[in-house]
Amino acid sequence: LMANVKLKLAGLNKLMRSAPVQSLVNEKAGRISAAAGPKYRVVVRPHRYTARAFVEPRESEQISDADTIGLLRALGSAKN
């Protein structure tokens with residue numbers, strides 16, 4: 001049994017930038033930031049089409065190779 005499905009881009013964009021989706025993105029970024037350590041912070045910047053949040057170094061923090069490895073591990077652990 002096959003069904004024809006039409007996606008309307010405007011509706012998809014509305015869903016992708018909705019409050020529940022932004023909340024999920026923020027939560028995931030928060031977990032990544034917490035796992036990466038205190039040198040990192042979450043920055044929430046919704047886009048015109050999608051919910052977005054970034055994990056970036058805090059201002060004036062010196063990031064070592066070990067910090068970068070910690071961030072990469074935190075990204076890997078966020079898959080679940």
Side chain Ser33, main chain Gly30, donor-acceptor under 3.5 Å: no
Taking every non-hydrogen atom, the tightest pair across Ala53 and Ala29: CB-CB, 3.8 Å
Transitive ILVMFWY cluster of Leu24, excluding itself - 4.5 Å side-chain cut-off: none
Any Asn26 side-chain heavy atom under 4.5 Å of Val42 side chain: no
Salt bridge (Lys or Arg N to Asp or Glu O under 4.0 Å) contacts touching residues 67-76 (sequence neighbours left out): Lys39-Asp67
Selection residues 3-17 - residue pairs positive for side chain to side chain donor-acceptor pair (under 3.5 Å), sequence neighbours left out: none
Gap separating the OG atom of Ser18 from the CD atom of Gln22, nearest 0.5 angstrom: 9.0 Å
Val43 with Ile32, same ILVMFWY side-chain cluster at under 4.5 Å: no
Residue pairs passing the ring pair (Phe, Tyr, Trp, His ring centres under 6.0 Å) test where at least one lies in residues 50-69, sequence neighbours excluded: none
Pairs involving residues 40-52, ordered by first then second residue, that meet side chain to side chain donor-acceptor pair (under 3.5 Å) (sequence neighbours left out): Arg41-Glu56
Transitive ILVMFWY cluster of Met16, excluding itself - 4.5 Å side-chain cut-off: Leu12
